[in-house]
Each structure stands twice: as structure tokens, then as C-alpha cells.
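Let me begin by presenting the structure, written as C-alpha cells, before commenting on it.
Keep in mind the model is a prediction, meaning the values are calculated, not measured.
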Amino acid sequence: MKKLIFVATLTCSMLVGCNSFSNRGTVDRPFIESAGTNNLSFDKVELTDSSTVLHAVVHFRPGWWIQISPGSFIVADGDTLTMTSIDGITPGENFIMPDSGVTHFTMTFPAIAPSVRKIDFSEDGTSTWKIWGIDLTGKGNSASDAVPAALKAEVTETEIPVPEMTADSATVNIHVAGYRPGMGSKINIIVNAINGQSVKQVDLDKDGNATFTTFLTGPANIRTHTIGETNTRGNAIVIPGETVDIYSSALISGYYNMKFRGDENQTVPVGYASGKYAPLVHAINDADAGNFDFGLYSGKFADYHMDGDTYTDFILTKYHNLKDSLAASDLKPIVKEYLGVNLDALLIVAAQDAFRLLRTNYYNTHNSWGSKIPADSINIELSDANLKRVAEEVDFNNPLYLILFTDVTPDDLCGASDMWEKAGVDTRLIKELETYQDAYEAASNLKVSDEQREKLRSLSSPAYLQGVEAKEKEVADFMANARLELITPTPDVADDKVFDAIIAPHKGKVVMVDLWNTWCGPCRSALAANEPAKQGELASDDIVWIYIADESSKIGAYLEMIPDIKGIHYRVTPEQINIIRSRFEVDGIPYYIIVDRNGKATGRPDLRNHDLFKKTLLEEVAKK
């Protein structure tokens with residue numbers, strides 16, 4: 001009898017232990033699974049029998065405004081609870097950020113059940129201020145990544161497989177850990193292939209899974225980017241003919257949110273993938289490789305005063321120092337091999353892009369980004385002797401360049417083979433890539449010449465011609481059913497009059513001109529963020545939406561995208577877009593030009609800020 005009582009007592013004790021969790025009390029700096037913003041976070045949650053209080057912290061630009069919706073809500077175990085009060089900010093009204101760029105306020109919601117372990121926060125409407133998986137246990141992340149154990153195994157491979165040039169389709173299956181439907185139903189995929197970078201938008205199912213097929217000529221790095229405003233992390237090197245699974249993670253967005261909040265001790269979520277190059281990708285993703293980068297585009301690279309000899313000494317010294325540090329590191333052999341090849345490629349790029357890099361240094365030094373640089377401020381010119389010194393250090397025909405995906409890509413190496421060949425350097429691999437890229441560009445617009453076809457046939461692999469012909473067929477098949485009427489004919493005027501002719505018919509209304517291109521990731525993200533507002537708070541007959549892309553937007557991709565972008569679409573020539581860029585001193589895209597009711601056009605790069613974009617348009621419409 002005693003034994004039976006003991007067993008019963010033990011069982012009850014175990015059951016009590018399993019159900020003893022209660023979220024009552026205070027959770028400081030709660031773990032956040034994923035987020036659609038880094039500007040808003042929560043540094044404390046107070047839970048009582050009568051209320052749930054979220055202590056919010058916002059980091060944003062001083063002097064700019066933020067706004068919190070009065071309909072903000074939390075979701076706890078499926079129950080939606082609307083905010084009952086707020087302290088420190090007035091809901092629905094603009095709040096100007098202080099000089100510190102930081103503000104705190106509290107939001108109060110109804111009480112939640114003691115058993116709830118995490119909650120989600122969202123504003124009503126289309127705001128990107130959404131945060132998922134706010135942990136109430138104090139124990140951190142509880143999300144499952146569903147990654148097969150075999151992919152998480154320790155990397156033992158020591159050598160990188162040499163890539164081969166072949167042409168075939170590849171299938172990619174995406175699985176996003178931490179996915180929530182509120183993030184959006186489409187994921188942006190970035191493909192870095194030997195023909196350059198492209199962006200694909202793929203439908204997600206309710207569980208965060210997606211599948212797409214793409215035709216590849218040689219290896220490509222395929223990376224998950226964003227779902228709406230939520231970052232993801234996951235990538236794979238994919239070769240033609242493969243079927244690869246990428247286990248991406250939306251938890252990287254929570255990591256960035258907590259880091260922006262001030263947490264420095266969070267573990268960075270790692271993405272995993274299958275495929276031939278999975279061990280290399282996993283080893284690189286796990287490695288602390290940040291110390292082996294040139295920092296080419298930091299604005300602090302080199303000194304814009306340098307001449308050719310001084311600059312060459314500088315980049316070679318930097319290269320040798322990094323090589324020595326890499327050799328002495330305790331990184332895995334496969335990582336050392338990859339980073340060594342990456343450093344070789346960075347040295348090539350540092351030499352052939354010398355002027356552009358020193359121009360970035362000039363802008364950073366003078367804090368004058370995009371301004372006109374005085375004549376003779378930058379006097380860099382690398383002589384043939386300088387280039388030969390660089391070429392002595394690297395193999396320009398290393399096939400491993402085809403799988404680079406961190407600091408430099410195969411595309412970055414292209415564009416300067418003539419310069420190297422003039423200096424007596426053998427660049428046949430890069431020269432072949434350039435020939436392929438030119439023909440692929442022409443195929444994207446159905447303009448491949450007979451001369452280009454002959455050049456492709458003379459290259460080292462038939463895959464180059466196969467890739468171009470596959471692109472031609474893809475574009476031709478698409479064009480057969482394309483809605484060409486969605487493209488508004490460019491006005492038949494002189495190139496320097498095109499912009500004025502485009503906006504002229506809309507005088508008396510506010511015109512928003514968006515300069516964009518299909519290959520521009522930030523453009524696509526901005527379009528996805530702005531489009532819903534056009535059906536909501538920016539829905540107005542007084543606003544005309546004009547979208548200008550140029551012919552670098554491949555016609556197939558362009559016609560595929562614009563049906564989902566409501567407005568008037570123009571696709572202009574390189575000469576026409578260059579005149580527009582020069583007139584408005586365009587510093588990159590997306591770039592916005594706002595035209596007031598009187599027809600005055602003003603370049604507004606600051607409208608890349610989504611909230612300022614909406615605020616400015618509403619203010620212009622209000623001016624009668």
C-alpha cells in the first residue's frame with residue numbers, strides 16, 4: 001500500500017511540475033522570435049491578473065515622427081486583445097523623435113491566461129510594426145527549425161569541389177523557421193549566378209514552405225531575403241540538375257531586433273541547406289569570417305589622395321596581411337580555402353575598381369555623398385606595371401571564383417578584362433563570363449546577334465550557348481502571352497524632354513515618380529511596402545503613380561512584375577534614364593521624384609523611409 005501511495009504521489013508531483021508554469025510577474029528584455037521592424041522593440045513585459053503591460057522602446061531618426069495605432073493588439077494563444085491604454089505617446093498622432101533618437105512608452109492590454117508562454121504584437125492595418133514570439137518564460141527561443149540532423153553535423157570536408165560548367169534546371173525547396181502568415185505570403189529570393197544578380201518572388205504556403213525551379217548555367221548562390229519587411233537567413237550554392245532544400249530562418253529578424261534594442265549576447269540563427277556544396281556553405285555560415293574582408297565599400301578603404309603606385313602598395317600590403325592572418329587562424333581547412341580565393345578576388349576588384357573605391361572614400365571623408373567631386377581631387381590611374389604586380393599574386397582563371405558569394409561574386413570580377421589583357425594578363429575565364437553576360441543580356445530582350453552566337457560556340461563549354469538559348473525561349477514564351485498594353489509608350493520627344501512630357505498631362509495633381517528596376521532588391525521591397533497603402537490611406541484621385549524603369553530591366557521580368565504595381569509604367573532607353581538621373585542627381589534606386597500640383601518636380605531620396613513617404617504624399621495632397 002505504501003508503495004502504491006508513493007507512486008501516486010510521485011505521479012501527481014510530476015504532473016504538477018509539468019503544469020506549474022505561470023507567466024505572472026515581470027519579464028525583462030524578453031526574447032523575440034521574429035519582427036517586421038528594428039525600430040520598435042520591447043524591453044519589459046509586466047503580467048498581472050488584471051493587465052498585460054508592454055514597455056516599448058523606439059530607436060528612430062531625431063526630428064522625424066512616429067505614430068502608434070490606437071487599434072494595436074496582441075495575440076495570446078489565438079485570442080486577440082486590443083490595447084486599452086497607452087502612456088508616453090498619443091495613439092494615432094505624430095510623435096516627433098527627440099534628439100537622442102530614443103523614446104520609451106508603455107502600452108496596456110487586457111490580462112492573458114497564466115499559461116500563455118509567448119505573445120505577438122501588431123498594429124492594425126498595414127503597418128510593418130509587427131513583432132512575433134515575445135517570450136514570457138524568460139528562457140529564450142522555443143521555435144523549431146525542423147532542420148534534418150544530418151545537415152547540422154560537424155563539417156569534416158577539407159576541400160571545395162571544383163565547379164563545372166553545365167546548363168540545366170534546378171529545383172529549390174524553401175522552409176522558413178519562425179514563419180507567421182502575418183509577415184506576408186511571398187518570399188523574395190536573391191539569385192547570384194554567373195549572368196548577374198536577379199530577384200525572384202515566390203509564394204509561401206501557410207507553413208512557410210515554397211518551391212521554385214530555375215534554369216542555371218553553372219553554379220549559383222541562392223539566398224532567401226525578405227518576407228514583406230521581415231528578414232530571413234538561408235542560402236545554398238546550387239548547381240544545374242540539383243534539387244536542394246534551403247532551411248531558412250525568420251528568427252534572424254528577431255536577432256536584429258534584439259541587437260538594435262541593445263542585446264549583444266544573442267546567438268545568430270544559422271540557415272542550412274542540402275546539395276553538393278552544403279558543407280562549404282555551412283562551414284562559412286558558422287565561421288567568424290568578418291576579419292578577412294577588405295572593407296572595399298566602407299568609405300574608409302584607402303585614401304582618395306593616393307596615386308597609382310601608392311594605391312598598389314596599399315592593396316598588396318592589405319592583401320598579404322589578411323592572407324597571413326588567415327593562414328594563422330584556427331578556421332576549418334575548407335573555410336581557409338574559400339576565404340583565400342575570396343581574398344584573391346577582392347584584390348582583383350580593388351585594383352580594377354580603384355577610382356570608384358576612392359570616390360567612395362572621398363564622399364565618406366567629406367560627408368558629401370552624391371555631390372560633384374572637384375576636378376583633380378582623385379588622381380588614381382593604375383599603370384600596366386601596377387596591374388602586373390597585382391596579377392602576380394592571383395590566378396585569374398581559378399574556377400572557384402564561380403562559387404563566390406560573400407564579399408564578392410563572379411559578376412563583380414567582370415567588366416575590366418580588356419584592361420588586364422592590355423597589361424599582359426591572361427583572363428580567359430573572366431573574358432568568357434563577360435561574353436556570356438553580354439549575350440544573356442541580349443537574350444533577355446530577344447536581341448542576340450549572329451556574332452554573339454558564334455562567340456558563344458567558341459567558348460570552353462557548350463553550357464554558355466545553352467544558357468543563352470534557354471533564356472531566349474523563356475522570354476519568347478512569356479512574350480507570346482504578355483500584356484504589352486501595360487507599358488505606356490514613351491513620349492516621342494527629344495531625350496532631354498522625356499521626363500517633362502511624362503508628367504505634363506497630370507498638372508493639377510500630385511505625381512509620385514518612382515525610379516526603379518526589376519533587378520533592384522530594395523526597389524522590390526519598397527514596392528511591396530508601398531503598394532498596400534495605395535489601396536488604403538494613400539487612396540486618392542489626386543495622386544498619380546508613375547513608375548519609370550529602364551531597359552536594364554529585362555522585358556520578361558518587367559512584364560511579369562508590373563501587373564501587381566498599380567500605376568502608369570514607362571520603360572525608357574539607357575540614354576533617357578541617364579538624362580533623368582543627371583537632372584535629379586540620382587544617387588541610387590529606388591529614387592523618388594515628387595511633382596506638386598503646379599508641375600514642380602523635386603528629387604526626394606529621403607522618401608525611401610516608408611513612413612516619411614506616406615506623410616509627405618498626404619501633406620502634398622492636402623495643399624489645394
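Without hydrogens or angle criteria, Q437 side chain to I194 main chain gives a donor-acceptor distance under 3.5 Å. Between the side chain of Y247 and the backbone N or O of V270 there is no donor-acceptor pair closer than 3.5 Å. Between the S253 side chain and the A35 main chain, a donor and an acceptor come within less than 3.5 Å of each other. Remark: side-chain polar atoms of D263 are not paired, donor with acceptor, to backbone N or O of N265 under 3.5 angstrom. Formation of a donor-acceptor pair under 3.5 Å by the N517 side chain with backbone atoms of A549 is not found in this model. Remark: side-chain polar atoms of S72 are not paired, donor with acceptor, to backbone N or O of I68 under 3.5 angstrom. The closest donor-acceptor contact from the side chain of K200 to the backbone of V191 lies at 3.5 Å or more, if one exists at all. Panel note: side chain N209, backbone D205; no donor-acceptor pair is recorded below 3.5 Å.
The closest side-chain heavy-atom distance from R233 to N285 is below 4.5 Å. Taking the side chain as every heavy atom from C-beta outward, I555 and L559 approach each other to under 4.5 Å. The side-chain heavy atoms of P590 and P522, taken from C-beta on, include a pair separated by under 4.5 Å.
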Run the salt bridge (Lys or Arg N to Asp or Glu O under 4.0 Å) check on E33 and R180 step by step: do they pass? CA-CA 11 Å; E33 281 186 11; R180 304 295 186 89; 3.5 Å; yes
Evaluate I66 against D611 for side-chain contact (heavy atoms from CB on, under 4.5 Å), listing each step before the verdict. CA-CA 8 Å; I66 62 170; D611 292 324; 5.8 Å; no
Check the pair Y256, V268 against side-chain contact (heavy atoms from CB on, under 4.5 Å), reporting the backbone distance first and the verdict last. CA-CA 9 Å; Y256 286 131; V268 183; over 6 Å; no
D135 and K118: salt bridge (Lys or Arg N to Asp or Glu O under 4.0 Å), yes or no, with the steps? CA-CA 4 Å; D135 180 70; K118 53 188 175 183; over 6 Å; no
F121/M107 under side-chain contact (heavy atoms from CB on, under 4.5 Å): CA gap, chis, key distance, verdict: CA-CA 11 Å; F121 166 83; M107 291 181 280; 3.8 Å; yes
Apply side-chain contact (heavy atoms from CB on, under 4.5 Å) to residues E469 and K471 and explain how you reach the verdict. CA-CA 5 Å; E469 290 179 338; K471 185 62 179 178; over 6 Å; no
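Under the rule for a side-chain hydrogen bond (donor to acceptor under 3.5 Å, both in side chains), K44 has no partner lying at least two apart in sequence or in another chain. Not counting sequence neighbours, the partners of E472 by the salt bridge (Lys or Arg N to Asp or Glu O under 4.0 Å) test are R453. Residues passing the side-chain hydrogen bond (donor to acceptor under 3.5 Å, both in side chains) test with T211, sequence neighbours excluded: N173. With sequence neighbours left out, T217 forms a side-chain hydrogen bond (donor to acceptor under 3.5 Å, both in side chains) with Y436.
In this structure, OG on S115 lies 10.5 Å from CG on L136, to the nearest 0.5 angstrom. In this structure, the separation between CE on M258 and CD1 on I131 is 10.5 Å, given to the nearest 0.5 Å. If you take CD1 on I74 and CD1 on I134, they are separated by 8.0 Å, rounding to the nearest 0.5 Å. In this structure, N188 CG and R524 CZ are separated by 6.0 Å, a value rounded to the nearest 0.5 Å. Separating the OG atom in S248 from the NE2 atom in H175 is a distance of 10.5 Å, to the nearest 0.5 Å. We find the NE2-OG distance between H610 and S525 to be 12.0 Å, quoted to the nearest 0.5 Å.
Enclosure of atom NZ in K152 by more than 12 non-hydrogen atoms of other residues, nucleotides or ligands within 6.0 angstrom is indicated. Atom CZ of F294 sits in a crowded spot, with more than 12 heavy atoms from other residues, nucleotides or ligands closer than 6.0 Å. Taking a 6.0 Å sphere around NZ of K259, one finds it holds 12 or fewer heavy atoms contributed by other residues, nucleotides or ligands.
Taking the centre of each ring, F42 and H55 stay at or above the 6.0 Å mark.
In summary, of the residues considered (V116, I112, T26), a side-chain contact (heavy atoms from CB on, under 4.5 Å) with L47 occurs for I112 alone. For the pairing with L433, the side-chain contact (heavy atoms from CB on, under 4.5 Å) check across D411, L413, L402 returns one residue only, L402.
Ion pairing between a basic and an acidic side chain is recognised when a charged N comes within 4.0 Å of a carboxylate O; R29 and D43 show no such pairing.
Using modelled atom types and a 3.5 Å distance limit, the side chains of T37 and W129 yield a donor-acceptor pair. Looking only at atom types and distance, the side chain of S460 has a donor-acceptor partner in the side chain of E432 under 3.5 Å away. Side-chain contact, T409 with N192: no donor N or O sits under 3.5 Å from an acceptor N or O. With 3.5 Å as the limit, one finds no donor-acceptor pair spanning the side chains of T226 and N231.
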For residues 330-345, dump all side-chain donor-acceptor pairs below 3.5 Å to protein atoms at least two apart in sequence or in another chain.
residue, atom, partner, partner atom, Å
K332, NZ, E154, OE2, 2.8
K336, NZ, A327, O, 3.0
K336, NZ, S329, O, 2.8
E337, OE1, I160, N, 3.1
Y338, OH, F405, N, 2.9
Y338, OH, T406, N, 3.3
Y338, OH, T406, OG1, 3.3
N342, OD1, T406, OG1, 3.4
N342, ND2, D407, OD2, 2.9
D344, OD1, Y319, OH, 2.6
D344, OD1, K323, NZ, 3.2

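Among pairs with a residue in residues 181-207, none fulfils ring pair (Phe, Tyr, Trp, His ring centres under 6.0 Å), at least two apart in sequence or across chains.
Shortest non-hydrogen contact noted between W132 and I32 is O-CG2, 3.9 Å.
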